Protein chains: 2
Amino acid sequence: MLTDFEEKELEEISAKEGVSVERLKRLLSAGRVVIPRNARRRSVVLKAIGDMMSTKVNVNVGTSKDYVNVDEEVEKAKVAVRFGADTVMDLSTGGDLDEVRRRVLRELRVPVGTVPIYQAALSCGGAIVEMSPDDMFNAIERHARDGVDFMTVHAGVTLSAVERLKMSDRILNVVSRGGAFLVAWMLHNERENPLYEDFEYLIEIAKEYEVTLSLGDGLRPGCISDASDRAKYMEVITLGELVKKCREAGVQAIVEGPGHVPADEIEACVKTIKNLTDFAPLYLLGPLPTDIAPGYDHVVAAVGGAIAAMQGADFLCMVSPSEHLALPSIEDIREGTTVTKIAAHIADTVRRGQRSRAREKDRAMAFARKMLDWETQFNIAIDSERARKIKEGRPSESDACSICGDLCAIKIVNAFLNKFNK
Amino acid sequence: MLTDFEEKELEEISAKEGVSVERLKRLLSAGRVVIPRNARRRSVVLKAIGDMMSTKVNVNVGTSKDYVNVDEEVEKAKVAVRFGADTVMDLSTGGDLDEVRRRVLRELRVPVGTVPIYQAALSCGGAIVEMSPDDMFNAIERHARDGVDFMTVHAGVTLSAVERLKMSDRILNVVSRGGAFLVAWMLHNERENPLYEDFEYLIEIAKEYEVTLSLGDGLRPGCISDASDRAKYMEVITLGELVKKCREAGVQAIVEGPGHVPADEIEACVKTIKNLTDFAPLYLLGPLPTDIAPGYDHVVAAVGGAIAAMQGADFLCMVSPSEHLALPSIEDIREGTTVTKIAAHIADTVRRGQRSRAREKDRAMAFARKMLDWETQFNIAIDSERARKIKEGRPSESDACSICGDLCAIKIVNAFLNKFNK
């Protein structure tokens with residue numbers, strides 16, 4: 001995989017991540033770090049995802065059957081990048097899927113991901129169980145040819161895992177859309193998952209187009225009661241085996257993880273998946289440590305995501321305020337992206353390889369606060385615009401803020417402590 | 001302290017918290033749980049705060065020098081209670097302080113807290129260093145007489161702790177307003193903190209009016225770089241000694257904690273404070289695990305607060321989106337309160353004594369999701385109104401939501417798995 005990158009490119013990443021080029025090369029060779037880039041999309045901004053790298057953030061956009069507005073989805077993608085998304089996935093399932101994907105690829109410079117099985121399923125008019133294995137692989141190759149940098153393939157949804165699912169007492173059996181398509185297909189056709197059975201073919205396509213495979217967790221739990229069961233870990237074991245095949249073939253691989261996990265199981269979950277998949281970069285949706293806050297799932301995901309990335313997760317998928325309720329609005333994308341960036345930064349302040357660099361920003365903010373230097377505070381803020389708007393919406397007559405005015409603790413103590421504390 | 005409560009009242013709390021009356025009595029006797037109620041405010045709703053109880057949420061309201069609108073602050077208090085605040089603190093520092101406090105006490109039924117040193121300082125026209133010890137104790141007694149159920153007293157800001165502060169290399173020396181008043185007073189007057197020196201007098205007042213003392217952390221760190229230093233823990237040691245004095249005198253005591261703490265120090269921070277203060281109920285402001293997200297400090301506090309309450313913190317103070325920037329608006333109070341309730345619930349799902357009960361709600365939500373039963377989902381949601389608004393703002397033509405429509409994983413799998421999985 002190293003051969004895909006020029007020395008100069010690796011130096012740039014090394015500088016950006018604060019990790020030496022030597023170390024970066026070792027991590028890339030070992031598959032502990034990936035840099036998604038399709039062979040046909042050479043100008044993409046490189047993002048290193050994995051061990052010792054800063055925590056990365058993905059944002060999903062895409063049409064649905066109910067809402068097809070390509071311009072709006074492209075705008076969402078741009079807003080996401082503006083507010084700090086490292087990558088964007090187009091999960092469209094409504095309208096002309098080729099058009100959305102191609103526009104997103106054309107108009108963005110960040111790595112773009114997709115889930116080709118959606119298009120495969122829709123190409124059969126939604127009669128999912130009638131997809132042929134060729135439909136699946138054709139969609140994958142079509143996306144690869146278009147320049148998609150990474151794609152989710154639910155190759156770990158095997159008959160063996162589905163057996164465990166049948167025996168489980170899950171409340172919500174399958175909540176992954178791609179996972180659901182494949183489970184339905186396998187049960188109906190009484191056949192093994194083609195993406196698993198023909199994984200070598202998948203690897204061939206990935207190798208040809210230099211696509212990073214994101215090994216999807218089709219059996220991820222859909223509520224905290226269902227977390228950490230045998231069906232899930234059966235799938236993770238398979239994903240670990242597939243990671244090994246990818247590495248042997250020189251294909252970059254990411255592993256996807258849950259989902260919904262109680263707060264005190266997140267550490268074990270992250271560490272176990274990391275171990276079972278030989279420390280492949282771990283990409284999480286959430287995890288959500290409670291199910292009862294629809295409307296605020298971005299905040300719930302920030303709590304779970306920060307804990308997970310502290311423990312070793314590398315890549316957080318934005319969860320929007322409308323998760324579980326509706327297709328997100330542009331404002332939801334902004335809010336969700338910002339909050340996910342905050343979770344990523346919180347994790348980076350304690351993360352191996354990132355800790356000191358991440359904390360420089362927090363130190364600079366603390367100094368700016370000591371000096372009541374508002375411009376610097378706004379500049380450092382993750383969302384400068386929002387911070388400025390709040391401050392200026394309720395200004396103070398003093399040089400402090402309107403919570404305390406002249407009774408500001410910092411002002412008072414600066415005056416009295418300055419003599420011995422500079 | 002047990003004598004303050006009737007058997008019937010303890011039974012009600014026992015039922016509400018899912019902890020036996022016997023156990024509740026033991027925890028109250030040991031001072032590990034407090035139930036704030038002023039002798040003059042018998043009709044207050046009882047809230048048990050501490051070990052094995054559900055995590056409680058406080059919301060601060062109050063005028064500032066820049067914004068004096070008593071009606072708005074009373075409205076904020078009501079909104080806070082409507083969105084789940086267990087207690088409210090009036091931290092007013094602008095206008096007629098007596099009026100705000102008395103209106104809040106009159107119009108709310110939840111326990112109300114204050115920080116009397118603000119009024120003491122303002123009664124000297126803001127010339128803080130000219131307060132007399134009598135000014136401080138008079139303000140405390142005035143608040144107690146008005147019926148305040150709990151009050152913050154920064155009695156741990158001792159000369160010994162201030163010495164450690166001088167020797168420290170903190171960026172932000174003191175960020176607690178009350179702490180700053182006392183540090184300034186002590187440095188100027190070269191005298192010990194009267195609240196510490198005359199703690200017995202404080203206890204007398206607390207005993208007479210049955211006020212719960214919330215032992216303030218005047219030296220709490222103001223940025224993650226300053227967390228966990230000797231000045232802070234010197235104060236905590238003193239607070240532990242004061243807790244002991246309170247317990248000996250039959251006065252209920254809470255300990256306040258930081259503030260700003262890196263994510264990987266929160267567990268140690270909570271456990272150490274709990275140990276040093278003989279497991280007094282721990283009341284946290286935040287903690288904030290990053291300083292660079294002004295405008296989103298409610299989310300930052302949710303991350304820190306959830307981790308802290310998982311580890312044993314008992315009482316979370318709401319942080320609003322305008323923290324560090326401006327006096328909060330009514331909308332900020334709603335948003336901040338809801339998000340803090342979410343953090344408290346996340347902690348309760350893994351908290352000793354609360355785990356199973358808290359998770360019943362998550363299980364019920366999961367079942368409602370399986371059934372695509374939206375009304376039940378809205379009813380269980382922490383903020384039903386918000387959830388409904390989002391769902392109805394972008395409806396689906398299907399019975400699922402507009403993210404997936406008929407491609408909903410739950411719908412697909414329900415259809416195929418129903419035969420063997422009920």
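No experiment lies behind these values; they were computed from the predicted model shown.
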So which of A:Ala381, A:Ser322, A:Ala400, A:Gly295 has the biggest tally of heavy-atom pairs under 4.5 Å with chain B? A:Ala381
Name the option with the most non-hydrogen atom pairs under 4.5 Å to chain B; the candidates are A:Pro262, A:Cys223, A:Cys408. A:Pro262
Using heavy atoms and a sub-4.5 Å threshold, report which of residues 178-186 of chain A line up against chain B, by residue number. A:Ala180, A:Phe181, A:Ala184
Salt bridge check: are B:Arg355 and A:Asp264 linked by an N-O gap of less than 4.0 Å? yes
Look at the side chain of A:Tyr67 and the backbone N and O of B:Ser396, then say whether any donor-acceptor pair between them is shorter than 3.5 Å. no
Are the side chains of A:Lys391 and B:Pro294 in contact, using a 4.5 Å heavy-atom criterion? no
Using non-hydrogen atoms and a 4.5 Å limit, figure out which bit of B:Ile410 sits close to chain A: side chain, backbone, both or neither. both
Shorter than 4.5 Å, heavy atoms on both sides: which option in B:Lys389, B:Lys341, B:Met365 has the most such pairs with chain A? B:Met365
Can you tell me how far apart OH (B:Tyr296) and CG (A:Asp383) are? Round to the nearest 0.5 Å. 4.5 Å
Most contacts with chain B, counted as non-hydrogen pairs under 4.5 angstrom, among A:His260, A:Lys361, A:Glu392: A:Lys361
Which bit of B:Thr63 comes within less than 4.5 Å of chain A, counting heavy atoms only: side chain, backbone, both or neither? neither
The interface call for B:Lys65 against chain A, heavy-atom contacts under 4.5 Å, is side chain
Does any backbone or side-chain atom of B:Tyr118 lie under 4.5 Å from a heavy atom of chain A? Answer side chain, backbone, both or neither. neither
Of all the heavy-atom pairs spanning A:Ala306 and B:Val303, show the shortest one and how long it is. CB-CG1, 3.7 Å
Using a strict 4.0 Å threshold on nitrogen-to-oxygen distance, state whether B:Arg394 and A:Asp332 make a salt bridge. no
Among A:Gly222, A:Gly305, A:Gly405, A:Pro289, which residue forms the greatest number of heavy-atom pairs with chain B at distances under 4.5 Å? A:Pro289
Which portion of B:Ile390 sits near chain A, non-hydrogen atoms under 4.5 angstrom: both
Please state whether the side chain, the backbone, both or neither of B:Leu288 comes within less than 4.5 Å of a heavy atom of chain A. neither
Go through the atoms of B:Arg177 and report whether side chain, backbone, both or neither lie under 4.5 Å from a heavy atom of chain A. both
Suppose the criterion is side chain to side chain donor-acceptor pair (under 3.5 Å): which pairs have a residue in residues 401-410 of chain A, not counting sequence neighbours? A:Asp406-A:Lys411
Show your working on side chain to side chain contact (heavy atoms under 4.5 Å, CB included) between B:Asn173 and A:Lys370 and close with a plain yes or no. CA-CA 9 Å; B:Asn173 292 298; A:Lys370 184 188 175 79; 3.6 Å; yes
Value rounded to 0.5 Å, distance of OG in A:Ser225 from CG in B:Asp362: 7.0 Å
Looking at B:Asp226, B:Thr93, B:Thr338, B:Val129, which makes the most heavy-atom pairs under 4.5 Å with chain A? B:Thr338
Nearest heavy atoms of B:Val174 and A:Ala409, plus distance in Å: O-CB, 3.6 Å
Select one option (side chain, backbone, both, neither) describing which atoms of B:Ile128 are under 4.5 Å from chain A's heavy atoms. side chain
Most contacts with chain A, counted as non-hydrogen pairs under 4.5 angstrom, among B:Ser398, B:Ala366, B:Ser176: B:Ala366
With respect to chain A, which residue among B:Val300, B:Leu91, B:Leu172 yields the maximal number of heavy-atom pairs within a distance under 4.5 Å? B:Leu172
Derivation of the side chain to side chain contact (heavy atoms under 4.5 Å, CB included) call for B:Leu122 and A:Leu407: CA-CA 10 Å; B:Leu122 287 162; A:Leu407 294 176; 3.9 Å; yes
Portion of B:Ile171 that has a non-hydrogen atom of chain A nearer than 4.5 angstrom: both
Under 4.5 Å from any heavy atom of chain B - which part of A:Ile307: side chain
When rounded to the nearest 0.5 Å, the distance separating CD1 of A:Ile292 from OG1 of B:Thr349 is 9.0 Å
B:Val175 side chain near A:Arg369 side chain, heavy-atom distance below 4.5 Å: no
Provide the closest heavy-atom pair for B:His324 versus A:Ile403 in the form atom of the first, atom of the second, distance. N-CD1, 3.8 Å
If you round to the nearest 0.5 Å, how far is CG of B:Asp291 from CD of A:Gln377? 10.5 Å
Counting heavy-atom pairs under 4.5 Å to chain A, which of B:Arg359, B:Arg388, B:Glu265 comes out on top? B:Arg359
Could you give the distance from CG (A:Asp66) to SG (B:Cys401), rounded to the nearest 0.5 Å? 8.5 Å
Which answer fits B:Ala263, side chain, backbone, both or neither, if we ask what part of it has an atom under 4.5 Å from a heavy atom of chain A? both
Quick check for you: among B:Ile346, B:Val299, B:Leu325, B:Thr290, which has the greatest number of heavy-atom pairs under 4.5 Å with chain A? B:Leu325
